[in-house]
Amino acid sequence: MENTLAKIKEYVLLLDPLPEESENIIEFVIAEIVDRVLAYTNREQLAENAIPRELERVVAQTVLRVIRNNKQALSAETGAITKVKDHNQEVTFSTQVQNF
């Protein structure tokens with residue numbers, strides 16, 4: 001199983017070096033996605049918990065998408081609503097950007 005995790009991590013770093021991501025975050029996301037794959041494919045009962053080699057690249061792409069989506073969500077910015085009208089359907093946003 002360690003070989004599989006190492007290979008997936010190698011594929012992730014090949015697709016995008018992710019210099020700003022820590023090793024712990026990458027390894028956590030890989031472990032989470034692999035756990036899901038094992039559960040969805042009913043392989044968690046196997047002694048090795050091995051996923052098929054054909055899924056390694058797919059898992060690597062999924063890991064990369066999860067990391068990118070998390071980065072986008074953390075950097076999402078929007079303006080605060082300062083005024084709302086009901087019947088005339090008017091919404092006004094402030095010029096100050098809020099980070100959530």
Side-chain angles (χ1 to χ4, degrees):
M1 186 63 168
E2 293 300 320
N3 291 340
T4 303
L5 296 176
K7 193 68 174 172
I8 292 170
K9 185 175 179 181
E10 181 181 323
Y11 286 139
V12 168
L13 295 175
L14 179 69
L15 291 170
D16 188 350
L18 298 168
E20 67 278 356
E21 299 299 325
S22 75
E23 295 288 317
N24 292 338
I25 292 174
I26 295 171
E27 290 171 3
F28 176 81
V29 174
I30 289 172
E32 177 190 6
I33 300 299
V34 166
D35 288 344
R36 289 183 186 191
V37 169
L38 291 173
Y40 296 159
T41 58
N42 292 326
R43 293 177 177 266
E44 56 190 355
Q45 293 89 4
L46 296 177
E48 299 176 7
N49 286 343
I51 62 171
R53 283 188 46 223
E54 295 83 9
L55 290 178
E56 289 176 355
R57 286 191 218 82
V58 175
V59 170
Q61 289 178 340
T62 305
V63 167
L64 195 57
R65 285 187 195 119
V66 167
I67 291 172
R68 286 178 179 167
N69 286 344
N70 286 344
K71 282 199 293 190
Q72 276 184 334
L74 290 175
S75 65
E77 296 178 343
T78 185
I81 297 174
T82 58
K83 182 169 118 179
V84 176
K85 256 187 175 176
D86 190 37
H87 295 292
N88 291 338
Q89 300 282 328
E90 181 179 333
V91 176
T92 305
F93 295 95
S94 73
T95 57
Q96 184 181 18
V97 174
Q98 301 288 324
N99 191 358
F100 295 99

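Quantities reported herein were computed from a predicted structural model and do not represent experimental measurements.
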Practice problem: Report the C-alpha distance between Leu13 and Ile26 in whole Å, list the side-chain angles of each, state the deciding distance to 0.1 Å, and finish with yes or no for side-chain contact (heavy atoms from CB on, under 4.5 Å). | Solution: CA-CA 9 Å; Leu13 295 175; Ile26 295 171; 4.0 Å; yes
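Of the inter-residue distances, the one linking Asp16 atom CG with Ile67 atom CD1 reads 8.5 Å to the nearest 0.5 angstrom. Within the model, atoms CG of Leu55 and CG of Leu38 stand 10.0 Å from one another, a figure rounded to the nearest 0.5 Å. Rounding to the nearest 0.5 Å gives a distance of 10.5 Å between CG of Leu14 and CG of Leu64.
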Please output the side-chain donor-acceptor pairs of residues 1-11 that fall under 3.5 Å, not counting sequence neighbours, one pair per line with the distance.
from : atom 1 : to    : atom 2 : distance (Å)
Lys9 : NZ     : Glu23 : OE1    : 2.2
Lys9 : NZ     : Glu27 : OE2    : 2.9

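Not counting sequence neighbours, the partners of Arg36 by the salt bridge (Lys or Arg N to Asp or Glu O under 4.0 Å) test are Glu32.
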